[in-house]
2 protein chains.
Amino acid sequence: MTIRVLLADDQALVRGALAALLGMEPDIEVVAEVGSGDEVVAAARRTGAEVCVLDIEMPGMDGIAAAGEVARELPGVRSVIVTTFGRPGYVRRALDAGASGFLVKDTPATELAEAVRRVHAGLRVVDPALATESLFGGDNPLTDRERDVLRAALDGSPVSTIAGSLHLSPGTVRNYLSSAIGKTATSTRVEAARVAQQRGWL
Amino acid sequence: MTIRVLLADDQALVRGALAALLGMEPDIEVVAEVGSGDEVVAAARRTGAEVCVLDIEMPGMDGIAAAGEVARELPGVRSVIVTTFGRPGYVRRALDAGASGFLVKDTPATELAEAVRRVHAGLRVVDPALATESLFGGDNPLTDRERDVLRAALDGSPVSTIAGSLHLSPGTVRNYLSSAIGKTATSTRVEAARVAQQRGWL
DNA sequence: ACACGCCCATGACAGTTGTCATCCCGGACC
DNA sequence: GGTCCGGGATGACAACTGTCATGGGCGTGT
């Protein structure tokens, strides 16, 4: 009696490699592999997956959103988030969305299978270093609009462009940016956007 | 008689997964795994690796620099670059440094082993889509100093900070930025920095 | 010797950005 | 009803940024 696992990662090589890694465990069987978050629920339902291993950074629906959809649509199916970036805000968002596990890709390869087993048994698994950091790191102080303008400011576009894409007045955009710069303790909109992103606030 | 492979990737989980993937091939043996570019040559020499599979994005020495060191220090040992980002400039730089292969992490998992075999046999392997793009994408038009200021401008720091960290006059920094903005057809320093990075010009 | 390109700098100018005060509107909460 | 907070906006001001002209020094080719 094996644990049926679904794998979601947009990088085919990494996806295949993870499948090979998990496939070496006698008690684990990879029953589905998908390359985007949108396909997760359908594939999990079709193949009867019991645990979903989800990357966050994917085109279309990201791993956190996919975990949320899985939790709503397929009760009993658990999710483990596996991601490159150990951003404090991600952990909170992932667990709130209904994920049961959270690992960063620096963790030793042997621990993935162990995490899958634990999650399958109904336990929660969170990278310990990240767990404390996310508790201490505090909450997201940004308002909805501040997040919007920061996302639009990430690539360094001028205020006029941001205002156009959000259908706001340039002056309003500058107000939100100024407020976000204050909350992130930075001095330019791009610094504020990067800091916010690194903390998982966007 | 198997092909002896060294794996370098800073993400332990991915590294282990790639090892599992390659380990499934009967004619390939993973003889070393390292987490940074600095360890590559020593580990390759110690274990008698014949092919090095190198990620570009690593702390310390990156995969391209490591491939260059391997080519200089261990003639006969070949390198395959495996990276997340298919940036046109990377291909050129990697091949110039002495790498024999270049793959992006979107490629199907089955092709990695095949690439290792080809490279071991003395052939060159380059992702076909990227090969044409890098030929057409043209060369890096930036001067050394322009690259320096763009790297320092990536996170959105104000000119005064960039000038301080490079020991240059603020006016000089603005001149280089202005020139780089022109060459990248952008309108702010951060846009220029991001465009240059995406093309592998930094 | 000369031209060329890169490095480094200064000064001036217009345009953009960050800050602040101030306003209006609509919920939510006491 | 009053207070607070978020969304949206305007106007003014100082600081920063992008552009351009102009200068000098240094190394490489012809």
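Atom set for the values below is all heavy atoms of this structure, side chains included, hydrogens, waters and symmetry mates excluded. Sequence lines set the chain letters: A, B, ... in the order given, protein chains first and strands last, and positions in each chain run from 1. Everything numeric in this text was worked out from a predicted model, so none of it was measured.
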Among A:R189, A:R151, A:K183, which residue satisfies the salt bridge (charged side-chain N to carboxylate O under 4.0 Å, His left out) criterion with A:E146? A:K183

What is the distance from [atom1] of [X] to [atom2] of [N], rounded to the nearest Å?
{"X": "B:L142", "N": "C:dG5", "atom1": "CG", "atom2": "C1'", "result": "15 Å"}
{"X": "B:I162", "N": "C:dC8", "atom1": "CD1", "atom2": "P", "result": "15 Å"}
{"X": "A:R174", "N": "D:dG7", "atom1": "CZ", "atom2": "P", "result": "19 Å"}
{"X": "B:E146", "N": "D:dG18", "atom1": "CD", "atom2": "C1'", "result": "15 Å"}
{"X": "A:L177", "N": "D:dG8", "atom1": "CG", "atom2": "C1'", "result": "14 Å"}
{"X": "B:R189", "N": "D:dG18", "atom1": "CZ", "atom2": "C1'", "result": "10 Å"}
{"X": "B:N175", "N": "C:dC7", "atom1": "CG", "atom2": "P", "result": "12 Å"}
{"X": "A:E191", "N": "D:dC16", "atom1": "CD", "atom2": "P", "result": "13 Å"}

Report the residue (A:Y176 or A:P170) whose heavy-atom-nearest nucleotide on DNA chain D is the more 5′ of the two. A:Y176

Indicate, with a heavy-atom threshold strictly under 4.0 Å, whether B:R145 touches base, sugar-phosphate, or nothing. sugar-phosphate

Tell me what B:T143 touches on the nucleic acid: a base, only sugar-phosphate, or nothing, going by heavy atoms under 4.0 Å. sugar-phosphate

Can you figure out which of [options] approaches the side chain of [X] most closely?
{"X": "A:D144", "options": "D:dG7, C:dT17, D:dT17", "result": "D:dG7"}
{"X": "A:L168", "options": "C:dT10, C:dA12, D:dG8", "result": "D:dG8"}
{"X": "A:T172", "options": "D:dG18, D:dA9, C:dG18", "result": "D:dA9"}

Note: B:E50 and B:T2 closest approach over all heavy atoms is OE1-O, 3.5 Å

Sidechain N-carboxylate O distance under 4.0 Å for B:E191, B:R194: no

Phosphate oxygens OP1/OP2 of D:dT10: is one of them under 4.0 Å from a side-chain N or O of A:S169? yes

So, applying side chain to side chain contact (heavy atoms under 4.5 Å, CB included) with B:L54, which one of B:V40, B:I64, B:T83, B:V82 is it? B:V40

How far does CZ of B:R174 sit from CG of B:L168, to the nearest 0.5 angstrom? 13.5 Å

